[in-house]
Student: 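What follows is a structure written as structure tokens; I'll ask about it next.
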There are 2 protein chains.
Amino acid sequence: MSGTVTIGEAARRTGVSAKMIRWYEETGLLPPAPRSEAGYRHYGPADLHALRFIRRARDLGFGVEAIGELLALWHDRARPSAAVKALALAQVGELRQRIAELEGMARSLEHLARTCCGDGRPDCPILDDLAAEAAPPPARRRRRLADETGRIARDIARKAR
Amino acid sequence: MSGTVTIGEAARRTGVSAKMIRWYEETGLLPPAPRSEAGYRHYGPADLHALRFIRRARDLGFGVEAIGELLALWHDRARPSAAVKALALAQVGELRQRIAELEGMARSLEHLARTCCGDGRPDCPILDDLAAEAAPPPARRRRRLADETGRIARDIARKAR
DNA sequence: GTGGACCTTCCCATCATGGGAAGGTCAAGG
DNA sequence: CCTTGACCTTCCCATGATGGGAAGGTCCAC
């Protein structure tokens, strides 16, 4: 087992917690690690490399599903870069959408806060706004832009073969 | 029971789903609704008003805890508007922080995508970046800016009494 | 009196992450 | 050899806000 490390050491060296490493294995993002006789997982240099890859992707906001696709493309030496680019741009789109939502909230709140004098008196335009009778709203809808784009990325990879 | 509506009607009129109304009651954000003999919850105009208040706050990105504080301030006719403003500004701060995080991710990804030609060839700067050996990173830390600011808002409310 | 729309509670899933318990393993030092 | 402490294992539970669905009771209009 020379050249391999335990899960704790792998966590320290990659910035992915031991809990998450086990979880990635459990959910199939990573293949099961080889075990010592006592049942301890052991990780070699290639495994550490994959863990750092995952961590970097995670820091860029990719979800596990997308990370799985990225890993597959990484291991596929014949992948078309267009497939990777499609995933990246889909992720950018999702990020931009979430940013736009948050930006809208922040702007509304900033506007409200600007109109509130913020002293000891009870009059408060912020609460007045929250309590305003609004038109019966059509509820909110969301999600799953990524599913579609993941399919597109897979199509690109398939067509290129 | 005239003037009161069932949970489904309340959901329709306020844009808060029946599931969430029950959940708000269960977690103490709302007081238990009065029941009919058969156990059906019934909601009057004031309840609908509160539900719309919650929905509006939710749409501005407030968490349940903050919404609870806002509701308390709403019902406290002697509240200082400064307390409300503090909560609103804390929420703006949280939103701005999350926006900054997402913005950083989006910018990095956009840069990577720009350097990737995105054709049928396998060379891909995006994957190269993800796979790059990075300095052993100090892991991520987050959260709890709101706890602190919630305390500040409560301090303001207390001092004003 | 029946059908269908509605209500109730209870359980489960999400997504990525952490906390903690109970128990086994390993290495170093006495 | 034995203890100690650091480490590993699995298993369960929690998060926040939301939805899905099952099993069963209720209401109302026809």
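Within every chain, numbering begins at 1; the chains are lettered A, B, ... in the order of the sequence lines, protein sequences first and strands thereafter.
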Student: Go through D:dC7, D:dT9, C:dT8 for me and flag the one nearest to the A:R35 side chain.
Tutor: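 Of the options given, the side chain of A:R35 lies nearest D:dT9.
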Student: Taking the side chain of B:R41 as heavy atoms from C-beta outward, which of D:dG19, D:dT10, C:dT8 is closest to it?
Tutor: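 Taking heavy atoms from C-beta onward, the closest nucleotide is C:dT8.
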Student: B:H42 NE2 to C:dC6 C1': how many Å, rounded?
Tutor: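 Value for this atom pair: 11 Å.
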Student: Just the rounded figure in Å: distance from C1' of D:dA17 to CD of B:E65.
Tutor: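 Taking CD of B:E65 and C1' of D:dA17, I get 14 Å after rounding.
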Student: Does D:dT18 have OP1 or OP2 sitting under 4.0 Å from an N or O in the side chain of B:R58?
Tutor: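 Yes.
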Student: For residues 16-25 of chain A, dump all side-chain donor-acceptor pairs below 3.5 Å to protein atoms at least two apart in sequence or in another chain.
Tutor:
unit_1, atom_1, unit_2, atom_2, d
A:S17, OG, A:M20, N, 3.1
A:E25, OE1, A:A33, N, 3.4
A:E25, OE1, A:R41, NE, 3.0

Student: Using 0.5 Å steps for rounding, measure from the NZ atom of B:K85 to the SG atom of A:C117.
Tutor: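 Rounded to the nearest 0.5 Å, the NZ-SG separation comes out at 7.0 Å.
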Student: Test: ring pair (Phe, Tyr, Trp, His ring centres under 6.0 Å). Region: residues 79-105 of chain A. Which pairs qualify, not counting sequence neighbours?
Tutor: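 Those involving residues 79-105 of chain A do not exist here.
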Student: Identify, with sequence neighbours excluded, every residue that meets side chain to side chain donor-acceptor pair (under 3.5 Å) alongside A:R96.
Tutor: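 Here the qualifying residues are B:E103, B:E110.
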Student: In chain order, what residues pass the side-chain contact (heavy atoms from CB on, under 4.5 Å) check against A:A46, with sequence neighbours excluded?
Tutor: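 So A:A46 forms no side-chain contact (heavy atoms from CB on, under 4.5 Å) with any residue.
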Student: Check this for me, if you would: do B:D123 and B:R121 make a salt bridge, where the nitrogen-to-carboxylate-oxygen distance has to be below 4.0 angstrom?
Tutor: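 Judged by the 4.0 Å cut-off on N to carboxylate O distance, B:D123 and B:R121 do not form a salt bridge.
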Student: Checking A:S108 now: which residues fulfil side-chain contact (heavy atoms from CB on, under 4.5 Å) with it, not counting sequence neighbours?
Tutor: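 Once residues adjacent in sequence are excluded, the partners of A:S108 under the side-chain contact (heavy atoms from CB on, under 4.5 Å) criterion are B:L60.
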Student: Think B:T6 has a side-chain N or O under 4.0 angstrom from the OP1 or OP2 of C:dC6?
Tutor: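 For B:T6, the contact criterion (side-chain N or O under 4.0 Å from OP1 or OP2 of C:dC6) is not met.
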Student: How many whole angstroms separate atom CD of B:E9 from atom C1' of D:dC27?
Tutor: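 One finds 15 Å between C1' of D:dC27 and CD of B:E9, rounded.
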Student: In this structure, how many angstroms lie between the P atom of C:dT8 and the CD1 atom of B:I7, rounded?
Tutor: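 Roughly 5 Å, once rounded to whole Å.
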Student: Measure the distance from OH on B:Y43 to C1' on C:dT8 and round it to the nearest whole Å.
Tutor: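 So the two atoms are 12 Å apart, to the nearest Å.
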Student: Could you run through nucleotides 23-29 of chain C and give me one letter per nucleotide, 5' to 3': B if any protein heavy atom sits under 4.0 Å from the base, S if only the sugar-phosphate is that close, - if neither?
Tutor: -BBS---
Student: Return a table of donor-acceptor pairs under 3.5 angstrom between the side chains of residues 125-132 of chain B and protein atoms on other chains or two or more places apart.
Tutor:
unit_1, atom_1, unit_2, atom_2, d
B:D129, OD1, A:R56, NE, 2.8
B:D129, OD1, A:R56, NH2, 3.1

Student: Going by the rule side chain to side chain donor-acceptor pair (under 3.5 Å), which residues pair with A:D47 if we only count those two or more places apart in sequence or in a different chain?
Tutor: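 None.
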Student: Mind running a 4.0 Å heavy-atom check of residues 19-30 of chain A against DNA chain C and sending the residues that fall below it, in number order?
Tutor: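 Hits under 4.0 Å, by residue number: A:K19, A:M20, A:W23, A:Y24.
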Student: Both B:G39 and A:V64 contact DNA chain C. Taking the nearest nucleotide for each, which residue is further toward the 5' end?
Tutor: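 It is B:G39, whose closest nucleotide lies nearer the 5' terminus.
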Student: List in chain and number order the residues that pass ring-ring contact (aromatic ring centres under 6.0 Å, His included) with B:F53, two or more places apart in sequence or in another chain; answer none if no residue qualifies.
Tutor: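 In terms of ring-ring contact (aromatic ring centres under 6.0 Å, His included), with neighbours along the sequence ignored, B:F53 is linked to B:W74.
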Student: If the helix axis at each end comes from five base pairs, how far does the helix from C:dG1-D:dC30 to C:dG30-D:dC1 deviate from straight, to 10°?
Tutor: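 Angle reported: 30°, given to the nearest ten degrees.
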Student: Is the phosphate of C:dT17, meaning OP1 or OP2, less than 4.0 Å from a side-chain N or O of A:S17?
Tutor: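 For C:dT17, neither OP1 nor OP2 has a side-chain N or O of A:S17 closer than 4.0 Å.
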Student: Does a side-chain N-to-carboxylate-O contact under 4.0 Å join B:E101 and B:R98?
Tutor: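 Salt bridge between B:E101 and B:R98, a charged N being under 4.0 Å from a carboxylate O: no.
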